[in-house]
Amino acid sequence: MAAQADSYEAQGKTLLVQMAKARAYLAGRNYVAPQDVQALFSDVCGHRIILTPRAKIKKRTPEEILTEVLKSVRTPNPADK
C-alpha cells in the first residue's frame with residue numbers, strides 16, 4: 001500500500017508542476033513563479049485530501065486545509081541567495 005501512496009504522491013507533484021508550467025506559459029513567461037503553484041495548489045491537490053472525522057465535525061474543507069498548508073510554507077525569494 002505504501003508504494004501505491006508514493007506513486008499517487010509523485011503523480012500529484014508531476015501534475016502540479018505541469019499545470020504551473022502551463023500557467024506561466026499562458027502568462028507569457030518561460031519560468032514558473034511561486035504564485036503559479038499557489039494559484040493551482042488547491043485545484044490540483046484538493047481532491048487528494050481525506051478529511052478526518054474531527055475535521056468533518058468542525059466542518060473543515062480541503063480548501064481550508066490546503067490554504068493553511070500554503071501559509072505555513074515560506075515562499076522562495078531570489079534576493080535571499
Side-chain angles (χ1 to χ4, degrees):
M1 198 57 127
Q4 184 178 10
D6 289 342
S7 68
Y8 287 138
E9 183 178 333
Q11 181 183 19
K13 288 179 201 174
T14 301
L15 291 174
L16 182 58
V17 168
Q18 289 174 343
M19 294 295 294
K21 287 180 179 180
R23 187 176 190 274
Y25 176 80
L26 291 172
R29 289 182 274 111
N30 63 355
Y31 61 91
V32 173
Q35 296 79 6
D36 296 317
V37 175
Q38 292 166 346
L40 298 164
F41 189 67
S42 289
D43 292 330
V44 174
C45 301
H47 68 283
R48 297 175 182 273
I49 300 296
I50 299 171
L51 297 174
T52 64
R54 173 179 267 169
K56 289 178 184 178
I57 290 170
K58 292 183 176 184
K59 300 197 184 301
R60 302 287 312 270
T61 66
E63 291 77 18
E64 290 174 328
I65 294 166
L66 291 171
T67 297
E68 288 178 15
V69 169
L70 281 176
K71 287 181 181 179
S72 72
V73 177
R74 189 175 74 80
T75 303
N77 184 350
D80 290 345
K81 288 186 175 185

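This chain uses plain numbering: 1 for the first residue, then up along the sequence. Just so you know, these numbers come straight off a predicted model, no measurement behind them.
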Take atom CD1 in Ile50; do more than 12 heavy atoms of anything else shown fall under 6.0 Å from it?
-> no
Rounded distance [0.5 Å steps], CG in Asp36 versus OH in Tyr25 | 14.5 Å
Note: with side-chain heavy atoms under 4.5 Å as the link, the other cluster members for Leu16 come out as Leu15, Met19, Val32, Val37, Leu40, Phe41, Val44, Ile49, Leu51, Ile65, Leu66, Val69, Leu70
Identify, with sequence neighbours excluded, every residue that meets side-chain hydrogen bond (donor to acceptor under 3.5 Å, both in side chains) alongside Gln35.
-> none
Distance, nearest 0.5 Å, that separates CD of Gln11 from CZ of Arg48 = 5.5 Å
With a 4.5 Å heavy-atom cut-off, do Lys58 and Glu64 have their side chains touching?
-> no
For Val73, the hydrophobic cluster (side chain heavy atoms closer than 4.5 Å, chained through members) also holds none
